[in-house]
Amino acid sequence: MIISISRLSCRKTPPVISLFCARHHLSTTTTAFSSSSKLRTEYAFVAPPSLHPQTPHTNTNSRPGPKSQYQKPPKPAYRPPSSLDRTGPPIKPDLPFDFRFSYTESSPKSRPIGLRGPKYSPFGPGRVDREWTGVCAPAVDPRARSAEVDCELEEKRRLMREKVQGEPLTNAERKALFERCQRHKTKRQINLGRDGLTHNMLNDIHNNWKHTEAVRIKCMGVPTVDMKNICSQLEDKTFGQIIHRHGGLLVLYRGRYYKPKERPVIPLMLWKPQEPVYPRLIKTTIDGLSIEETKEMRKRGLSVPALTRLAKNGYYGSLVPMVRDAFLCDELVRIDCKGLPKSDYKKIGCKLRDLVPCILVTFEKEQIVIWRGKNYKPEQGGYFLKERELFDDSDDDPSNGGENETTDYKNDIDSGDSDDE
């Protein structure tokens with residue numbers, strides 16, 4: 001009985017050996033199935049070399065398919081267009097004004113005393129047929145510049161603008177365009193920041209004009225001290241027309257006969273040029289005062305109550321009339337600029353010096369202290385622009401044509417001072 005049990009146990013196959021046999025049988029079937037696969041015979045399939053990096057697989061039994069002789073050559077790799085490509089000729093723009101980095105924050109009247117580095121064109125080498133002087137790219141040779149040349153350029157700008165604008169808009173048309181530019185109707189908006197109206201922003205405005213007749217522009221920061229300058233520069237450089245203004249919000253109309261395919265050629269600035277060196281804003285001694293009197297005035301100016309506190313990237317359109325009103329009572333005015341970049345409140349002080357006018361005393365402790373001077377005379381007969389224009393009139397009759405409103409607006413822009421400065 002014991003012998004028969006031992007013989008039966010010897011005949012039983014161990015589980016390890018049976019598992020090995022099953023795996024061997026499965027591998028042989030897989031090999032046979034793969035050798036008879038249609039991928040290699042009919043479709044000329046070749047395994048990618050990443051599977052066998054050391055010994056790449058070569059399929060000797062594969063035959064090329066019937067469509068292999070009609071295969072197209074591979075396409076070249078995509079190469080994005082580069083702004084530094086100088087294969088073509090230089091751009092020859094016909095815009096009749098000097099190209100500047102910022103048209104509102106720089107003036108041809110203020111001349112620098114030097115440059116911070118070597119002169120280089122912000123448009124790139126050889127891309128524009130205008131020479132960069134370190135401040136601007138003039139439309140004509142600076143050596144041949146004269147008053148007659150400036151008058152010719154101004155007349156050319158006026159003719160180009162009249163050709164695009166056509167007949168004045170009626171009151172109903174202006175209201176319709178303004179309604180299309182509301183926030184709940186469109187998201188198209190151009191933000192005008194601390195650099196003001198830059199050269200590349202002209203290209204953005206024309207890109208928006210391809211899809212809509214009017215574009216919304218939001219003005220913030222330092223340029224809003226002088227809104228009259230922003231409005232005049234926008235209309236002068238884009239050949240458009242401002243049809244609505246509410247605070248720092250503008251609506252710029254492209255014109256009746258504007259054609260996107262005939263838009264002017266505007267070369268883009270590839271980088272920001274270096275700012276030139278200008279004379280110091282704060283002098284050691286104020287004109288007409290001694291050193292002791294200047295020190296005493298600076299100390300007293302920092303202790304007077306602040307007229308207002310400026311917020312970062314805010315709207316400063318009412319700053320100039322506030323300062324003028326304050327000078328009727330006090331000779332020193334302090335403006336709190338805590339939190340603002342140093343370059344911002346220096347630009348604000350420079351604008352106040354020219355627009356009020358006044359004398360800069362100090363920029364210490366993030367404050368602007370200004371003095372009205374000994375022989376201060378308040379402005380007389382200045383016209384102040386409305387905070388909201390063109391759409392407050394109750395007369396909504398389209399038969400008027402809106403010509404009176406447009407004429408009044410242009411006169412307001414060209415004459416007197418603005419309360420938005």
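Just so you know, these numbers come straight off a predicted model, no measurement behind them. Values below: every heavy atom of this structure, side chains too, minus hydrogens, waters and symmetry copies.
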With [X] via salt bridge (charged side-chain N to carboxylate O under 4.0 Å, His left out) - residues at least two apart:
X	result
Asp94	none
Asp150	Arg145
Arg157	Asp236

ask   = Phe123 and His199: aromatic ring centres closer than 6.0 Å?
value = yes
query = Is the centre of the Tyr120 ring less than 6.0 Å from the centre of the Trp132 ring?
reply = no
task = Going by the side-chain contact (heavy atoms from CB on, under 4.5 Å) test, name the single residue among Val323, Asn229, Asp226 that passes it with Leu355.
result = Asp226
Charged N-O contact under 4.0 Å between [X] and [Y]:
X	Y	result
Lys299	Glu364	no
Arg180	Glu213	yes
Glu162	Arg158	yes

request  = Report the C-alpha distance between Glu293 and Arg300 in whole Å, list the side-chain angles of each, state the deciding distance to 0.1 Å, and finish with yes or no for salt bridge (Lys or Arg N to Asp or Glu O under 4.0 Å).
outcome  = CA-CA 10 Å; Glu293 292 175 343; Arg300 185 159 53 93; over 6 Å; no
Taking all heavy atoms of [X] and all of [Y], pick out the closest pair and write down the distance.
X	Y	result
Lys374	Gly288	NZ-O, 3.3 Å
Thr186	Cys181	CG2-CA, 3.8 Å
Pro223	Ile230	O-CD1, 3.3 Å
Leu115	Pro276	CD2-CB, 3.9 Å

key: Partners meeting ring pair (Phe, Tyr, Trp, His ring centres under 6.0 Å) with Phe97 (sequence neighbours left out)   = Phe99, Tyr103
Ring pair (Phe, Tyr, Trp, His ring centres under 6.0 Å) involving Phe327 - partner list, sequence neighbours excluded = Tyr376
task = Kindly indicate whether the side chain of Leu281, heavy atoms from C-beta on, has any atom under 4.5 Å from the side chain of Arg353.
result = yes
key: Verdict with reasoning, Lys175 to Glu179, per salt bridge (Lys or Arg N to Asp or Glu O under 4.0 Å)   = CA-CA 6 Å; Lys175 286 189 176 182; Glu179 289 296 330; over 6 Å; no
With no hydrogens and no angle check, just 3.5 Å: does a side-chain donor-acceptor pair link [X] and [Y]?
X	Y	value
Glu167	Tyr257	yes
Asn208	Arg216	no
Arg116	Gln274	no

inquiry  = The test is side-chain contact (heavy atoms from CB on, under 4.5 Å); show your working for Glu173 and Tyr253 and say whether it passes.
reply    = CA-CA 11 Å; Glu173 289 174 336; Tyr253 172 58; over 6 Å; no
query = What pairs meet the side chain to side chain donor-acceptor pair (under 3.5 Å) rule with one or both residues in residues 339-350, with sequence neighbours excluded?
reply = Arg194-Asp344
Drop me the distance from [X]'s [atom1] to [Y]'s [atom2], to the nearest 0.5 angstrom.
X	Y	atom1	atom2	answer
Leu202	Leu95	CG	CG	8.0 Å
Glu296	Leu289	CD	CG	11.5 Å
Ile217	Asn191	CD1	CG	10.0 Å

